[in-house]
Every structure is written in C-alpha cells, then in structure tokens.
**Q** 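Got a structure here, written out as structure tokens. Questions coming.
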Amino acid sequence: MTLFEQKILDLVRKIPQGKITTYEKIALKLGNKYLVRFIGNCLAKNLHLITIPCHRVVRKDQKVGNYALGVAKKINLLQNEGIIIKRGKIVNFNKVLYDFNLN
DNA sequence: ACGACGGCCCTCG
DNA sequence: ACGAGGGCCGTCG
C-alpha cells in the first residue's frame with residue numbers, strides 16, 4: 001500500500017458512525033477532483049481492512065455508489081446507522097453529510 | 001436519462 | 001523501465 005492510499009484511508013476512517021462523505025470531498029481534500037477515480041479504485045482494493053468504513057463514502061449525486069460486497073450490503077450498513085435511503089438515493093443527505101474541514 | 005470522456009495513481013505486461 | 005488499461009466518480013452534451 002502506498003502513502004497516498006494511506007492518506008485516503010486515514011480520511012475515511014475519520015467519518016463517524018451515522019455520517020457520510022462523498023468521493024469528491026475526499027478528492028478535493030487531497031488535491032484535485034480527478035482523484036475520485038483512484039479513490040474508488042483504492043477503496044475497492046483495500047476493503048479487507050475492516051477498520052475502514054468504506055460504506056460511508058457515497059456519490060455526490062446522492063446515490064450510494066458502488067461497493068465491493070454489493071450495493072445491497074452497503075445500503076444495509078448505512079440504514080443501520082440511521083441513514084435513510086429510498087430508491088438507491090440518500091434522503092437525508094445534507095443532514096448526515098460529514099465535512100472534513102470541521103476539524 | 002444516458003453516454004462519453006476526463007486526467008488521477010496504481011498494477012500489470 | 002515504460003506504456004496501456006482500469007477503477008465504489010463527476011461533468012457536460
């Protein structure tokens with residue numbers, strides 16, 4: 001695992017239970033928006049590290065996005081944390097959105 | 001709503 | 001060592 005990937009995972013690990021963030025926010029935090037593709041790539045590969053709550057990272061358009069264990073699993077996990085999802089979209093998106101810049 | 005393409009870092013040939 | 005391809009995305013047509 002590279003240093004850059006570590007940085008991504010470190011950020012994801014900071015997302016509290018019941019909150020979400022977007023691929024784009026992480027990308028911007030780390031530099032530029034085109035990183036979104038690599039971020040997805042990285043999370044997909046490192047899912048075996050259970051300590052990283054990959055399911056709390058979603059798409060900017062309020063869809064949940066993809067997940068290595070299946071989208072259904074991702075939705076389940078999110079709903080267990082109080083996030084409301086309807087037809088694949090997060091209903092209370094703005095309320096549960098976590099902002100890294102609050103630190 | 002859908003498809004194309006962008007410019008990322010990594011992996012693999 | 002180098003170049004092509006790939007991926008849990010986002011934007012614009």
Side-chain angles (χ1 to χ4, degrees):
Chain A
M1 177 185 318
T2 68
L3 194 63
F4 208 84
E5 290 170 325
Q6 295 267 16
K7 286 171 88 175
I8 295 170
L9 299 180
D10 280 350
L11 281 179
V12 174
R13 206 169 38 202
K14 286 186 186 153
I15 308 169
Q17 196 177 60
K19 293 282 189 178
I20 57 167
T21 194
T22 66
Y23 297 101
E24 193 202 39
K25 276 180 177 294
I26 298 171
L28 294 178
K29 182 89 177 165
L30 292 181
N32 75 76
K33 63 179 185 170
Y34 295 108
L35 289 168
V36 289
R37 310 198 68 203
F38 177 67
I39 290 167
N41 192 314
C42 171
L43 292 182
K45 275 184 3 186
N46 293 288
L47 185 80
H48 50 280
L49 307 181
I50 310 291
T51 54
I52 313 292
C54 304
H55 64 281
R56 295 185 191 136
V57 187
V58 301
R59 295 176 57 126
K60 193 189 186 181
D61 60 7
Q62 313 191 348
K63 292 193 236 164
V64 292
N66 222 324
Y67 194 59
L69 303 182
V71 175
K73 183 84 178 172
K74 186 167 182 176
I75 291 175
N76 276 336
L77 289 166
L78 289 172
Q79 285 178 332
N80 285 344
E81 299 187 358
I83 288 159
I84 303 166
I85 298 167
K86 248 186 176 164
R87 278 191 249 103
K89 280 199 164 196
I90 299 173
V91 176
N92 53 344
F93 189 82
N94 288 294
K95 289 190 175 140
V96 294
L97 189 55
Y98 175 70
D99 187 354
F100 291 111
N101 297 317
L102 298 178
N103 301 336

**Q** Tell me: OH of Y23(A) to P of dG7(C), nearest whole Å?
**A**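 So the OH-P distance, Y23(A) to dG7(C), works out to 14 Å.
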**Q** Does any part of the side chain of L69(A), heavy atoms only, come nearer than 4.5 Å to the side chain of L47(A), both counted from C-beta?
**A**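 In contact.
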**Q** For E24(A) and dC12(C), give me the distance from atom CD to atom P, rounded to whole Å.
**A**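 One finds 11 Å between P of dC12(C) and CD of E24(A), rounded.
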**Q** For I15(A) and dC8(C), what is the distance between atoms CD1 and C1' respectively, to the nearest whole Å?
**A**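 Rounding to the nearest Å, CD1 of I15(A) and C1' of dC8(C) are 13 Å apart.
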**Q** Roughly how many Å is it from CD1 in I8(A) to C1' in dC8(C), rounded to a whole number?
**A**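 Going from I8(A) (CD1) to dC8(C) (C1'), I get 12 Å.
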**Q** Nearest-Å distance, NZ (K25(A)) to C1' (dC9(C))?
**A**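 Whole-Å distance recorded here is 15 Å.
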**Q** In chain order, what residues pass the side-chain contact (heavy atoms from CB on, under 4.5 Å) check against Q6(A), with sequence neighbours excluded?
**A**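 Partners of Q6(A) under the side-chain contact (heavy atoms from CB on, under 4.5 Å) test: M1(A).
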**Q** If the condition is side-chain contact (heavy atoms from CB on, under 4.5 Å), which residues does K45(A) pass it with, not counting sequence neighbours?
**A**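 For K45(A), the residues satisfying side-chain contact (heavy atoms from CB on, under 4.5 Å) (neighbours in sequence not counted) are E5(A), N41(A).
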**Q** Counting a pair only when it is Watson-Crick or G-U and both distances are under 3.5 Å, which runs of at least 3 such pairs involve DNA chain C?
**A**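 Only these stems qualify: B:2-6 with C:9-13, B:8-13 with C:2-7.
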**Q** Say you draw a straight line from NZ of K25(A) to CD1 of I20(A); how long is it, rounded to the nearest 0.5 Å?
**A**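 If I round to the nearest 0.5 Å, the distance is 10.0 Å.
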**Q** If only side-chain N and O atoms of R59(A) are considered, is one of them under 4.0 Å from the OP1 or OP2 phosphate oxygen of dG10(C)?
**A**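 For dG10(C), OP1 or OP2 has a side-chain N or O of R59(A) closer than 4.0 Å.
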**Q** Please report, to 0.1 Å, the donor-acceptor pairs under 3.5 Å made by any side chain of residues 80-91 of chain A, with sequence neighbours excluded.
**A**
residue	atom	partner	partner atom	Å
N80(A)	ND2	N76(A)	O	3.4
E81(A)	OE1	G18(A)	N	3.0
E81(A)	OE1	R56(A)	NE	2.9
E81(A)	OE2	H55(A)	NE2	3.1
E81(A)	OE2	R56(A)	NE	3.2
E81(A)	OE2	R56(A)	NH2	2.8

**Q** Provide, to the nearest angstrom, the distance between the NZ atom belonging to K63(A) and the P atom belonging to dG10(C).
**A**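 Taking atom P of dG10(C) as the reference, NZ of K63(A) is at 10 Å.
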**Q** Select one nucleotide: of dG7(B), dT11(C), dC9(C), the one nearest the side-chain heavy atoms of K60(A).
**A**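 Among the listed nucleotides, the one closest to the side chain of K60(A) is dT11(C).
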**Q** Measure from the side chain of F4(A), starting at C-beta and using heavy atoms only, and say which of dC8(C), dG7(B), dC9(B) lies closest.
**A**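 Shortest atom-to-atom distance from the side chain points to dC9(B).
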**Q** Strictly under 3.5 Å: I want the nitrogen or oxygen pairs between protein and nucleotides 1-6 of chain C, one per line.
**A**
residue	atom	partner	partner atom	Å
dG6(C)	N2	N41(A)	ND2	3.3

**Q** What N/O pairs connect the protein and nucleotides 11-13 of chain B at under 3.5 Å? Give each pair on its own line.
**A**
none

**Q** How many whole angstroms separate atom CG of N32(A) from atom P of dG10(C)?
**A**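 That distance rounds to 13 Å.
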**Q** Scan residues 62-75 of chain A for pairs that pass side-chain hydrogen bond (donor to acceptor under 3.5 Å, both in side chains), counting only residues two or more places apart or in two chains.
**A**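 side-chain hydrogen bond (donor to acceptor under 3.5 Å, both in side chains) check on residues 62-75 of chain A returns Y23(A)-K74(A).
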**Q** Can you tell me how far CG of N46(A) sits from SG of C54(A), rounded to the nearest 0.5 angstrom?
**A**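 It comes to 8.0 Å.
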**Q** Could you pull out all residues at least two apart from N32(A) that satisfy side-chain hydrogen bond (donor to acceptor under 3.5 Å, both in side chains)?
**A**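 N32(A): no side-chain hydrogen bond (donor to acceptor under 3.5 Å, both in side chains) contacts found.
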**Q** Roughly how many Å is it from CD in Q62(A) to P in dT11(C), rounded to a whole number?
**A**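 Going from Q62(A) (CD) to dT11(C) (P), I get 13 Å.
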**Q** Tell me every residue that passes side-chain contact (heavy atoms from CB on, under 4.5 Å) with L30(A), counting only those two or more places apart in sequence or in another chain.
**A**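 Once residues adjacent in sequence are excluded, the partners of L30(A) under the side-chain contact (heavy atoms from CB on, under 4.5 Å) criterion are F4(A), K7(A), I8(A), L11(A), I26(A), L35(A).
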**Q** K19(A): which residues meet the side-chain contact (heavy atoms from CB on, under 4.5 Å) condition with it, sequence neighbours left out?
**A**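 Checked K19(A) against side-chain contact (heavy atoms from CB on, under 4.5 Å); matches are I15(A), P16(A), Y98(A).
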**Q** Is there a donor and acceptor pair, one atom on the side chain of R37(A) and one on the base of dG10(C), closer than 3.5 Å?
**A**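 By the distance-only test, no, there is no pair.
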**Q** Classify the nucleic acid contact of L35(A) as base, sugar-phosphate or nothing, counting any heavy atom under 4.0 Å across all strands shown.
**A**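 Sugar-phosphate only.
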**Q** Base, sugar-phosphate, or nothing for I39(A), non-hydrogen atoms under 4.0 angstrom?
**A**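 Nothing, no nucleic acid heavy atom in range.
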**Q** R59(A): which residues meet the salt bridge (Lys or Arg N to Asp or Glu O under 4.0 Å) condition with it, sequence neighbours left out?
**A**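 So R59(A) forms a salt bridge (Lys or Arg N to Asp or Glu O under 4.0 Å) with D61(A).
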**Q** Can you name the salt bridge (Lys or Arg N to Asp or Glu O under 4.0 Å) partners of K60(A), sequence neighbours left out?
**A**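 K60(A) satisfies salt bridge (Lys or Arg N to Asp or Glu O under 4.0 Å) with E24(A) only.
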